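Reviewing the structure listed below.
Being a predicted model, the structure only gives us computed values, none of them experimental. In what follows, every chain begins at residue 1, and chains take the letters A, B, ... in the order their sequences are listed.
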2 protein chains.
Amino acid sequence: MPATIRDVARACGVHISTVSRTFSAPHLVNPETRNRVLACAERLGYRPNRAARALITGRTHNIGLIVADIANPFFPPLIKAAESQARQRDYHVFVADTNEDPAVEEELVHALAKQVDGVLLCSPRMSNGLIEQLGREVPLVVINRRVAGLPAVVMDVGRGARLAVEHLTGLGHRDLVLLAGPRGSWTSREIRRSATAAARAAEARLTVLGPNPPTEEGGRAAAERVRRTGVTAVLAFNDLMAVGLLEGLDALGLRVPEDISVVGIDDIALSRFTRPRLTTVATPTAAAGRAAVDMLLQHGGLAATRTGRGRSDTGDDRRATAQVTLRTELVVRDSTGVAPAAPARRRLAR
Amino acid sequence: MPATIRDVARACGVHISTVSRTFSAPHLVNPETRNRVLACAERLGYRPNRAARALITGRTHNIGLIVADIANPFFPPLIKAAESQARQRDYHVFVADTNEDPAVEEELVHALAKQVDGVLLCSPRMSNGLIEQLGREVPLVVINRRVAGLPAVVMDVGRGARLAVEHLTGLGHRDLVLLAGPRGSWTSREIRRSATAAARAAEARLTVLGPNPPTEEGGRAAAERVRRTGVTAVLAFNDLMAVGLLEGLDALGLRVPEDISVVGIDDIALSRFTRPRLTTVATPTAAAGRAAVDMLLQHGGLAATRTGRGRSDTGDDRRATAQVTLRTELVVRDSTGVAPAAPARRRLAR
DNA sequence: ACTTCTGCTGCAAACCTTTGCAGTCACACC
DNA sequence: GGTGTGACTGCAAAGGTTTGCAGCAGAAGT
C-alpha cells in the first residue's frame, strides 16, 4: 500500500534512479524533471524507506542515547537537547535506560550497534577498557567521562567543586564533608580530587564519606553519619543526594543553613523548590547533549561503517579524539550560610 | 567487516537460509545444526542486520514515542516505563519531543511512520480529526485522550478531580477555583467536567480560571487572579502549575494551607519536596506507558503494514479499538487544611 | 515393496533503495 | 562534418535478510 520509489517512477514516466536522485542528489537531475517527480511523489504520499536506504548506504540516520536512568532529573534536559539537535540534522534518537546496571549498558550498545550510526554513552558505569572495546565496534561519544582515544564531552565539575569549597570556606567553614558518588563514577573522582585540593589550599579539613548511591535516599541515609562528623558544611555528589540530605538533617533536628550548610551539584529543577532552596553547582546538561551529538555526527561522518560498495575507509583506527569540556558555575541560594560559632554536634547536646 | 548471515553460513557449511531460520524460526532446524550455527555466530560476533530484516518483513521492531516535553517531569517516568516494556519485547523506542507544538507533532508522526511499527502519541494537542487521519497511516496508540476508532490509554482524572473536590469540601471549603490546563487538552476538559459536577453535588461554588500554560510559570502567574476571587481552595490542572501557584501565593503573603488550600494533579516527584508538601492526585504514569506499548504491540501485530510478499491483510479498517482506563488516587499531604473562618481576601485587608 | 508422511535443508525471489557506468542527445567548436 | 563536451537519464548490481516451494532422506503405515 505505501508508495515506493517505483510507483513514483511509473506515475511520472521516468526511471527509478531518477526518482532516487531527486531526493538524494537533486543537483544531478533536470529541474523540470525534478519538479515533476516531486509533484508525483507528493501526490502519492511517497516517503523514502529508511530501512532500504540504510541497507545500501550503511547509514541509518539514527543515533542511540544510553543513560543510567531516564527518570533521574539530571538526564531529561540532556535527552531533550540531544534529541532536538539530532532532529535538526535529520537524525532520530533511540533512548535507552540501563537502570544503573553496567551489564545492561554493554548489552544495549551491542543491541543498538547495527541499528545506529553511533551512540552517546552518558555517565557510564562500565570500565574504561570495555568502553574502548565497544568504541571499536560502533562510533561512540562518551559524556561525563574521559576515555583514551574516544571523543568525549565532560563538565568541568572539578572547577565546580573548587568554587563550592571556596564558597564554604569563605563563609568561615573549616570542617567539611564530601558525600562521594557511586563507585566507578568518573565525575565523583574528579570532584573528590578537586575538593580535596581546594580544602587544603584554604586550610580546611575535608572528610570524604562514601561511596553513596546517587539518589535522594543515599543522601537521607548519610545524614546521621554527617552529623557524627560534627562538620558545619557538606558538599554532595549531586542535587538528588543533597536534597535527601536536607530531609535527613531536618529529621535529625538540624537546621540548614544555621547549623550546617549544604551544597549540591547539577542544579536540577528540583533544587529551586526545596526549603531552603539549594545552593548548587550548575552543570550545562543541555549544552552537553548538543555538543555530544555534534561530535558524533561530524566525526561519525567519517568513521561510520560504510557497508555500501564505495567502501573508502581511510585507516579506521586513528580517529580524531576531541574532548570538549563545559564550564560549570556556582549558584548560591539559601542552603549555605556563615559557619555557626559552635559546630552542629554541640547543638545536639543541649 | 561486520559478519553477515552469509559468513556464518560459510563458516558452518550450511545454507544461509538455515542460519536465518536458526534465529527467526528455531523450531524448524535440527537442534544439532542449530547449536553449530549458534556457535559459529557467536564466534564471528554475528548480529542480524535489522535494516535488512525490516526491509523484507516490513516490521522494524521499533516504536516511536511522542511527548510534548521530555523535560516536563510528568513524562520521564512514562518514557522510562515504555522503553523498558518495549525492550522486554525486543523493541527499541524513538523518543521525540514536540515542544508543545501541534505542527511538530504531525510532522514527527510522518517522519517516524516509515521507520517504526507504530507510535505512541502522548497528551496530543492536535485535533481529533487529524489524529484519526494519522492513525490510518501508521498504527497509533493515544495516551491521555480518547479518539474514536483508536486504541487509547487514559487516566481516570475525572475520578481524581472528584476525589480532590470531595476532599476539599469535606474540609469545609465552599468556594473553589479550578486552574484549567491548556486549550485542546482532553485531560483538562475531563477534570473540569468532573470537578464541576462534584462541586455542585457538595453545594460548593467552583470558578474556572483559564486556560493556563501547564507550567510552573502558569501557576505563578495565576496567583494574583486566584487571590482576587477570594476562594479558600484551588485545584490545579497539574503539579507543575500547583507548585508555581504555591510560590505565587507565598509572594502575595498568603499561607498554605492556613489561608488557602492547594491540590495538584500527577504526583510528580517534585511535589514531595515543596514546603508545604503538595496534596495531589497520583496518576499511574508508568503503568500507562507499559499499557500503551502492550496495546500497540499486541494490536500492531495485526495491523502493521506488512510489505513483505505474504501480504494477507484482512480488512485493515475495522481495528479492535480497546481503550483502557487507569485509576488515579488522591494523596493527601500538607497543602490542604480545614477552611479558614474568614476567606483569604479578608486577611489581606488587615 | 510401495506409498505417505515428517523433519530438515537448499534454492531463489523479493523487499526498496543507491550509485558506478554507460548511453543519449544537443550543442559548440575546430 | 567530425569530434568533443556536458547535462541528463537509464541500466543493473548490490546490500542482508526472510520465506514459499521443492527436494531429499528416512520412518511409518499398508
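- For A:Arg43, the salt bridge (charged side-chain N to carboxylate O under 4.0 Å, His left out) criterion is met by no residue, not counting sequence neighbours.
- Between the side chains of A:Thr4 and A:Arg47, no donor-acceptor pair is found at a separation under 3.5 Å.
- The side chain to side chain contact (heavy atoms under 4.5 Å, CB included) test applied to B:Pro76 returns A:Ile70, A:Pro76, not counting sequence neighbours.
- In this structure, CG of B:Asn35 is placed 13 Å from P of C:dC8, rounded to the nearest angstrom.
- Remark: A:Glu100 pairs with A:Arg125 by the salt bridge (charged side-chain N to carboxylate O under 4.0 Å, His left out) rule, at least two apart or across chains.
- For C:dT18, one of the phosphate oxygens OP1 or OP2 lies less than 4.0 angstrom from a side-chain nitrogen or oxygen of A:Arg53.
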Filtered N/O pairs between nucleotides 6-9 of chain D and protein, under 3.5 Å:
unit_1 : atom_1 : unit_2  : atom_2 : d
D:dT9  : OP1    : A:Thr33 : OG1    : 2.4
D:dT9  : OP2    : A:Asn30 : N      : 3.1

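- Taking atom CD1 of A:Ile5 as the reference point, atom C1' of C:dT17 lies 6 Å away to the nearest angstrom.
- Rounded to 10 degrees, the angle between the two end axes of the helix from C:dA1-D:dT30 to C:dC30-D:dG1 is 50°, with five pairs used at each end.
- Across the protein-nucleic acid pair, A:Arg50 atom CZ and C:dT17 atom P stand 13 Å apart, rounded to whole Å.
- Counting to the nearest Å, the P atom of C:dC16 and the CG atom of A:Asp7 are 8 Å from each other.
- Atom CZ in B:Arg6 sits about 13 Å away from atom P in C:dA12, given to the nearest Å.
- Residues meeting the salt bridge (charged side-chain N to carboxylate O under 4.0 Å, His left out) test with A:Lys80, sequence neighbours left out: B:Asp69, B:Asp97.
- Qualifying salt bridge (charged side-chain N to carboxylate O under 4.0 Å, His left out) partners for A:Arg6, counting only residues two or more places apart in sequence or in other chains: none.
- Nucleotide D:dA14 holds its C1' atom 6 Å from the CD1 atom of A:Ile56, rounded to whole Å.
- Sequence order on DNA chain C of the closest nucleotides to B:Lys114 and B:Gly13 puts B:Gly13 first from the 5' end.
- Residues forming a side chain to side chain contact (heavy atoms under 4.5 Å, CB included) with B:Val104 (at least two apart in sequence, or on another chain): A:Arg87, B:Thr98, B:Asp101, B:Leu108.
- At the heavy-atom level, A:Phe23 lies nowhere under 4.0 Å from the strands shown.
- Here the P atom of nucleotide C:dA13 and the CG atom of B:Leu55 are 17 Å apart, to the nearest Å.
- For A:Phe74, the ring pair (Phe, Tyr, Trp, His ring centres under 6.0 Å) test picks out no residue, with sequence neighbours left out.
- Under the 3.5 Å distance criterion, with hydrogens and angles disregarded, no donor-acceptor pair is assigned to the side chains of A:Asn62 and A:Gln115.
- When the P atom of C:dC11 is taken as reference, atom CD1 of B:Ile16 falls 10 Å away, rounded to whole Å.
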